[in-house]
Participant: 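I am attaching a structure below and will ask some questions about it afterwards.
Just so you know, these numbers use all the heavy atoms, side chains as well, and skip hydrogens, waters and symmetry mates.
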Amino acid sequence: MRRNTKRVIAFSLAAVTALSLTACGGSSSSGSSSGSADSGAAETAAAASEGDVTITFSWWGGDSRHEATEAAIAAFEAKYPNIHVTPEYGAWSGWEEKQSLNIVGGNAADVMQINWNWIESYSNNGANFVDLNAYNEVLDLSQFPSSSLEQCVAGGKQVAVPISLTGRLFYWNKTTFDEVGVDIPTDEASLLAAGAAFKAYDDSYYPLALGEYDRMIFIVHYLESKYGKAWVENGELQYSEEEITEAMDFITKLEEEHVIPTISVLSGDMADSLDKNSKWIDGKYAGILEWDSSATKYKQAVEESTNKPGQEFVIGEPLDFGDYNGGFTKISMAFAISATSEHPYESAQLIEFLLNDPEGVEICSTERGIPCSAAAVAVLEEKGLGDELVMEANAQVLEHNGFPLDSMFEHNDLKASPDGVYYKVFGKLSTGDYTSADAAAALIKGINELLEQ
């Protein structure tokens, strides 16, 4: 059942408020929680540029995010005629690798949409990004939960501002499930039943498609649901080789039972991402495990299919694999200003416009998820704005996903395609080059090597 829009927005606002109340320390707008620069340095840094300036702004996403962000840029330029914004955007595939080189090489955009783990991976202990506390004249950090702001600190600097909280959910193409004549899965038994039904209907159809990184997130959901332990806690992996081998056995079983296609089948589809995969677009792949903030592009892809228009895209219930609420929440993404920016004051103005200004919030709506900013949530609630699907998905994430995410989980050494540990492990498991025990041992080795650095 779809939730009432106002109830979902209210739930998100309550979550933001609760996070603010339960977090340690006061508002970061004063600089007290993030160790901002001394007053003289901050005063100099916070000065506006004279005359016309041009800043660059980089982000990744799908078409709907690109369109909304370009519209917001146009509105920002109209409000600040002396500031010109050059957009740089693309799909996620290969984006991190490109941007990491730009950051290290000193060629990063002035304003960057960054993944949360980039703070640890690429900030050089804060040196590569500006301290946003120096710009509280134009960027109101008091609108954001202290707990989320504290996760965007490096080297004593507030190097980024969180945009939204996110987690992964199961989404389904209800049209395909209705055609096949089987219920949308809710647990292991119904997931396997769907695989059998899809194979009998057409062996090119699958109830669920999972790439290598999706499989990693899936086994964490599976194990946390069964055993009630966070994947990594205090820098240490919490699961034994035997438990992880069990999860690898389950992935193999899903392939063998026609629940998910093999990695070689997915690779043969020749698509950068599932939302661009013709088998997803035309309903042959009928399920995904994706971020709540990404729901719109997957929904658009199936609804606007040329071969099969008007398919129905729905959020599923969390798959029940045990007694616990498996799955994690994390800061989905953040905005940062490059330390090489010649116009950090104007860059901070752009971030403020996108995250707190009613006009910018109204244009961007929920394209980057349900906002962390209390001001932004209030605008959405007042105006009755936002993608209802994204709001419903985010409410489910905040309500259900019970575990935190370790920042190293998304480290490029683990999740980069095709050479990251996750890709190698699940690729070799799928081809049969690894047994489940081999895959578990290789995964543990790769994770521990990173955690011990």
Participant: Verify the distance criterion only: is there a donor paired with an acceptor across the side chains of Asp187 and Ser190 at less than 3.5 Å?
Facilitator: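 Asp187 vs Ser190: donor-acceptor pair found between side chains.
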Participant: Does the ring of Trp60 carry Lys98 above it, NZ/CZ under 6.0 angstrom from centre and within 45° of its axis?
Facilitator: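 Cation-pi check for Lys98 and Trp60: fails.
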Participant: If you measure from the Lys or Arg side-chain nitrogens to the Asp or Glu carboxylate oxygens, is any gap between Arg215 and Glu255 under 4.0 Å?
Facilitator: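 Answer for the salt bridge query: yes.
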Participant: What closest approach, in Å, do Ile219 and Ala247 show between heavy atoms, and which atom pair accounts for it?
Facilitator: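 Reported closest heavy-atom pair: CB-CB, 3.9 Å.
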Participant: Keeping Lys284 on the side-chain end and Tyr205 on the backbone end, is there a donor-acceptor pair under 3.5 Å?
Facilitator: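 Checked: no pair found.
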Participant: Cut-off 3.5 Å, side chains only: do Ser93 and Asp272 have a donor facing an acceptor?
Facilitator: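 Per modelled atom types, Ser93 and Asp272 side chains form no pair under 3.5 Å.
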Participant: For Asn124, look at atom CG and say whether over 12 heavy atoms of other residues, nucleotides or ligands are found less than 6.0 Å away.
Facilitator: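 Yes, CG of Asn124 has more than 12 neighbouring heavy atoms, counting only those of other groups under 6.0 Å.
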Participant: Please indicate whether Lys308 has more than 12 foreign heavy atoms, meaning atoms of other residues, nucleotides or ligands, lying under 6.0 Å from its NZ.
Facilitator: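 Yes, the 6.0 Å shell around NZ holds more than 12 heavy atoms from other groups.
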Participant: Is the backbone of Asn117 close enough, under 3.5 Å, to the side chain of Ser407 for a donor and an acceptor to pair up by distance?
Facilitator: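 A pair under 3.5 Å: no.
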Participant: Does Ser332 use its side chain to pair, donor to acceptor, with the backbone of Ser164 at less than 3.5 Å?
Facilitator: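 It does hold such a pair.
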Participant: Could you give me the CA-CA distance, side-chain angles and deciding distance for Phe335 and Phe57, then say whether ring-ring contact (aromatic ring centres under 6.0 Å, His included) is met?
Facilitator: CA-CA 10 Å; Phe335 283 139; Phe57 174 26; 5.7 Å; yes
Participant: Do you know the tightest heavy-atom contact between Val390 and Ala295?
Facilitator: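 Smallest heavy-atom distance, with atoms named: CG2-CB, 4.4 Å.
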Participant: Checking Gln311 side chain against Val302 main chain: does a donor-acceptor pair fall under 3.5 Å?
Facilitator: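 At least one qualifying donor-acceptor pair exists.
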Participant: What are the two closest heavy atoms between Ala108 and Ser338, and how far apart are they?
Facilitator: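 Of all heavy-atom pairs spanning Ala108 and Ser338, the closest is CB-OG, 3.8 Å.
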Participant: Between Thr175 and Glu312 (side chain of the first, backbone of the second, donor and acceptor by atom type, cut-off under 3.5 Å), is there such a pair?
Facilitator: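 Yes; at least one donor-acceptor contact below 3.5 Å.
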Participant: Using the ring pair (Phe, Tyr, Trp, His ring centres under 6.0 Å) rule, pick out the option among Tyr222, Phe170, Tyr227 that qualifies with Phe321.
Facilitator: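 Of the listed options, the one satisfying the test is Tyr222.
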Participant: Of all the heavy-atom pairs spanning Ser121 and His411, show the shortest one and how long it is.
Facilitator: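 For Ser121 versus His411, the nearest heavy atoms are OG-CD2, 3.5 Å.
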Participant: Among side-chain atoms of Ser305 and Asn307, is any donor-acceptor pair under 3.5 angstrom?
Facilitator: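 Ser305 vs Asn307: no donor-acceptor pair found between side chains.
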Participant: Considering non-hydrogen atoms only, spot the tightest contact between Thr56 and Ala109 and give its length.
Facilitator: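 For Thr56 and Ala109, the tightest heavy-atom pair comes out as OG1-CA, 3.2 Å.
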Participant: ring-ring contact (aromatic ring centres under 6.0 Å, His included) with Phe177: which residues, sequence neighbours excluded?
Facilitator: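 Only Trp172, Phe198 meet the ring-ring contact (aromatic ring centres under 6.0 Å, His included) criterion with Phe177.
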Participant: Which of these, Asp406, Ile244, Leu405, sits in a side chain to side chain contact (heavy atoms under 4.5 Å, CB included) with Trp231?
Facilitator: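 Looking at Asp406, Ile244, Leu405, the match for Trp231 under the side chain to side chain contact (heavy atoms under 4.5 Å, CB included) is Ile244.
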Participant: Does the side chain of Arg65 pick up a donor-acceptor pair with the side chain of Ser293 at under 3.5 Å?
Facilitator: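 Note: Arg65 and Ser293 side chains miss the donor-acceptor criterion.
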Participant: Without hydrogens or angle criteria, can the side chains of Asn356 and Glu352 be said to hold a donor-acceptor pair below 3.5 Å?
Facilitator: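 Present: a donor and an acceptor within the cut-off.
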Participant: Are the side chain of Ser100 and the backbone of Glu97 linked by a donor-acceptor contact shorter than 3.5 Å?
Facilitator: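 Between the backbone of Glu97 and the side chain of Ser100 there is a qualifying donor-acceptor contact (under 3.5 Å).
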Participant: With Trp59, which of Gln113, Gln99, Glu88, His66 fulfils side-chain hydrogen bond (donor to acceptor under 3.5 Å, both in side chains)?
Facilitator: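 Going through the options one by one, the only one that passes is His66.
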Participant: Can Lys229 be said to sit on top of Tyr239's aromatic six-ring, NZ or CZ under 6.0 Å from centre and within 45° of the ring axis?
Facilitator: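 Cation-pi check for Lys229 and Tyr239: passes.
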Participant: For the CG atom on Asp202, are there more than 12 heavy atoms of other groups (residues, nucleotides or ligands in this structure) within a distance under 6.0 Å?
Facilitator: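 It does: Asp202 CG has more than 12 such atoms within range.
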Participant: Whether the side chain of Asn173 engages the backbone of Trp280 through a donor-acceptor N/O pair (distance < 3.5 Å, no angle test) should be reported.
Facilitator: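 Looks like no, no N/O pair under 3.5 Å.
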Participant: Would you call the rings of Phe409 and Tyr213 parallel, tilted or perpendicular, taking 30° and 60° as the class edges?
Facilitator: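 Because their plane-to-plane angle lies in the 30° to 60° range, the rings of Phe409 and Tyr213 count as tilted.
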Participant: A cation-pi test, strictly: NZ or CZ of Lys415 under 6.0 Å from the centre of the six-membered ring of Tyr422 and no more than 45 degrees from its axis. Yes or no?
Facilitator: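 Not flagged: Lys415 not positioned over aromatic ring of Tyr422.
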Participant: How about Asp387 and Thr296: does a side-chain donor come under 3.5 Å of a side-chain acceptor?
Facilitator: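 There is such a pair between these side chains.
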Participant: Between the side chains of Glu224 and Tyr324, does any donor sit under 3.5 Å from an acceptor?
Facilitator: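 Distance-only check fails for Glu224 and Tyr324.
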Participant: Is it true that a side-chain atom of Ser365 and a backbone atom of Glu367 form a donor plus acceptor pair closer than 3.5 Å?
Facilitator: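 Such a contact is absent between Ser365 side chain and Glu367 backbone.
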Participant: For a quick check under 3.5 Å, do Asp249 and Thr252 share a side-chain donor-acceptor pair by atom type?
Facilitator: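 No.
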Participant: Give me the atom names and distance for the closest heavy-atom approach of Trp118 to Ile103.
Facilitator: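 Distance-wise, the nearest heavy atoms are CE3-CD1, 4.4 Å.
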